[in-house]
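A short write-up of the structure that comes next.
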Protein chains: 2
Amino acid sequence: MDRRQQKTRDAVFKALSSLLEKKRFSNITVQEIIDEANIGRSTFYAHFDTKDELLKAMCTDIFSHVFSDELMSEETHDFSGNNNGLESKLTHILYHLKDNEKNIVGILSCESGELFMKYFKEYLSEMFSQYLSQYLNGVKMKAPADFVINHLVGSFAETVKWWIDNRMKYTPEETARYYIEVSFIDRIIPDQYVLNSTNKK
Amino acid sequence: MDRRQQKTRDAVFKALSSLLEKKRFSNITVQEIIDEANIGRSTFYAHFDTKDELLKAMCTDIFSHVFSDELMSEETHDFSGNNNGLESKLTHILYHLKDNEKNIVGILSCESGELFMKYFKEYLSEMFSQYLSQYLNGVKMKAPADFVINHLVGSFAETVKWWIDNRMKYTPEETARYYIEVSFIDRIIPDQYVLNSTNKK
DNA sequence: TATGTTACCGAACATATTGTTCGTAATTAT
DNA sequence: ATAATTACGAACAATATGTTCGGTAACATA
C-alpha cells in the first residue's frame with residue numbers, strides 16, 4: 001500500500017478517535033474529521049464512501065489484531081484452571097484490547113459505543129460458537145443453544161465495556177476471572193471433562 | 001393535555017415506529033417523520049427539539065408502562081421458585097414489553113436497537129440495584145458489586161433482545177426461566193434465604 | 001353561544017452537511 | 001527521470017435542519 005494512502009488512513013482513524021472522545025458518532029461531521037485529520041475533502045471520499053464505512057473499517061482494523069488466527073483456533077495449549085483454556089483465551093483478548101486502548105476508549109466513550117459493540121459481538125459470537133460446539137450437546141438445559149451462545153457473548157461484551165468504562169483499572173486476568181465467576185461456564189465445561197480430556201479421541 | 005397535542009404525539013410515535021421497521025434511526029429524516037405522521041413541519045419542532053429528543057421521549061413513554069411503580073417496589077408477594085420473586089418480576093417486565101410489541105419491534109429492528117437498549121438498561125439497573133442491595137453484602141465473591149450489577153443488567157437486556165429478535169416465540173415465563181437458568185442468581189439468593197425470610201426483621 | 005387561548009398549518013428562509021467533479025501539485029515506485 | 005498514483009481544494013448541486021410568522025382550526029370556559 002502506498003505510504004500516502006496509509007498515512008491518510010491513519011490520520012483519519014486518529015482524527016475520528018479523537019473526536020469520539022468529545023461527541024457521539026452521529027453528531028460528528030465529515031468536515032470535522034477532515035479538519036482534524038488535516039486532509040482534503042475529496043481525499044476523504046476517495047478512501048471512504050460514507051462516515052459509516054469509516055467506522056466499520058476502523059473496527060475491522062482493530063479486531064483483526066484482537067482476534068488473531070491463533071486465538072480463533074480450537075487448539076489451545078493452556079489448560080490451567082477448570083474451564084479448558086477459555087479463561088486464557090478471554091484474557092488474551094483483553095490484553096489485545098489494551099494495546100488498542102487509545103482508539104477503543106474514544107469509540108466507546110460518549111454514548112457511541114453501541115456500534116463498536118455490535119461488531120465486537122460478531123467476532124465474539126464466532127469464537128464462542130466454535131469453541132463451545134464440542135460441549136453443548138452434552139449439557140442438559142432447558143434454554144436453547146442459541147440463547148446460551150447469545151448470553152455468553154453478550155455478557156462478555158458487557159464485561160469488556162464495564163472494564164473499559166472503569167479505565168481498565170483491573171488487570172486482564174482479574175477481569176476474565178470476574179467473568180468466569182459470574183458465568184455458568186462450569187456447568188457447561190465441568191471439571192470432570194478436563195480430567196478426562198487426555199482420553200478424548 | 002390537549003387532545004390535539006396527544007393526537008400529534010401519538011401520530012409522531014407511530015410514524016417513527018413504522019419508519020424504524022424499514023431503516024435505521026440515523027438515516028431517517030425529520031421530513032420523512034413529518035410526512036408519515038402527516039403533520040406540519042413547525043408542529044414537529046414545537047413538540048421535539050431534535051430527532052434524538054423524540055426517540056428519548058418515545059422510550060421514556062414505553063418504559064413508564066413497563067417499569068410500573070408496583071414492579072419497582074421491593075415488596076413482592078410472589079415467592080414461588082427459589083429466587084425470592086425475582087423471576088416473577090422479570091416475567092412481569094416481559095409481559096409488559098409484549099404489550100408494546102408493535103412499537104418495540106420497530107425500534108429494535110434494523111440496527112437501531114442500541115439506543116433503546118441504553119435507556120432500557122438504565123431502568124433495569126435501578127431495579128436490580130434496589131432489589132439486590134439486601135443480598136450483595138453477604139455474598140463472598142472476588143468481583144466488585146458494580147460488576148455484578150452490570151453483568152445481571154446487561155445479560156437480561158441481551159436476553160430480551162434475543163427474545164424479541166426471535167419474534168417472542170417463547171413465552172415470558174420460558175424466557176425468564178432461561179435467564180435464571182444461565183445466571184448465577186442462585187449463588188446470590190440461596191434457597192436457604194427464602195426459608196428464613198419470615199424471620200428477617 | 002360567545003370569547004380568549006392554544007395548537008396546527010405551510011410556505012419561506014438562512015444555514016449546514018453531503019457527496020461529486022476536475023484541474024493542479026506533490027509524492028511514489030521503477 | 002518519468003509515468004503512475006495520490007492528495008489537494010475550490011466550486012457545485014442536492015439535501016437536511018431548525019426557525020419565523022401570518023392565518024386557520026380546535027379547545028376550554030362561562
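First the proteins, then the strands, lettered A, B, ... as listed; each starts at 1.
The interatomic distance linking B:Arg3 (CZ) with D:dT29 (P) rounds to 11 Å, in whole Å. We find that CD1 of A:Ile34 is positioned 13 Å from P of D:dA7, with the value rounded to whole Å. With rounding to whole Å, A:Asp2 atom CG is found 6 Å from D:dT6 atom P. Between B:Lys7 atom NZ and D:dA26 atom C1' there is a gap of 9 Å when expressed in whole angstrom units. Rounded to an integer number of Å, the gap from CD of B:Glu53 to P of D:dG18 is 11 Å.
Scanning for ring-ring contact (aromatic ring centres under 6.0 Å, His included) contacts around B:Phe13 gives an empty result, with sequence neighbours left out.
Residue A:Gln5 has its side chain nearest to D:dT6 when only D:dT6, D:dA28, D:dT17 are considered. Side-chain atoms of B:Tyr45 lie closest to D:dT19 of the nucleotides D:dT19, D:dT6, D:dC8. The side chain of A:Ser42 approaches D:dG9 more closely than any other nucleotide in the set D:dG9, D:dG18, D:dC27.
The span of DNA chain C lying next to chain A, judged by atoms under 4.0 Å from heavy atoms, is bounded 5' to 3' by C:dT17 to C:dA29.
Taking the ring centroids of B:His151 and A:Tyr178, they lie at or beyond the 6.0 Å cut-off.
Screening A:Phe63, A:Phe25, A:Tyr123 for a ring-ring contact (aromatic ring centres under 6.0 Å, His included) involving A:Phe116 leaves a single residue, A:Phe63.
Residues B:Thr91 and B:Ala176 share a closest heavy-atom pair of OG1-CB, 3.4 Å.
The base of D:dA26 lies close enough to the side chain of B:Arg4 for a donor and an acceptor atom to sit less than 3.5 Å apart.
Within the 3.5 Å criterion, the main-chain N or O of A:Glu122 finds no donor-acceptor partner in the side chain of A:Ser125.
Nearest-nucleotide positions on DNA chain D for A:Asn38 and B:Val30 put A:Asn38 closer to the 5' end.
Using a 4.0 Å heavy-atom criterion, one finds that B:Asn27 contacts no nucleic acid atom at all.
Within the structure, every pair that satisfies the side chain to side chain donor-acceptor pair (under 3.5 Å) test and touches residues 92-104 of chain B, not counting sequence neighbours, is listed here: B:Ser17-B:Asn103, B:Tyr95-B:Glu173.
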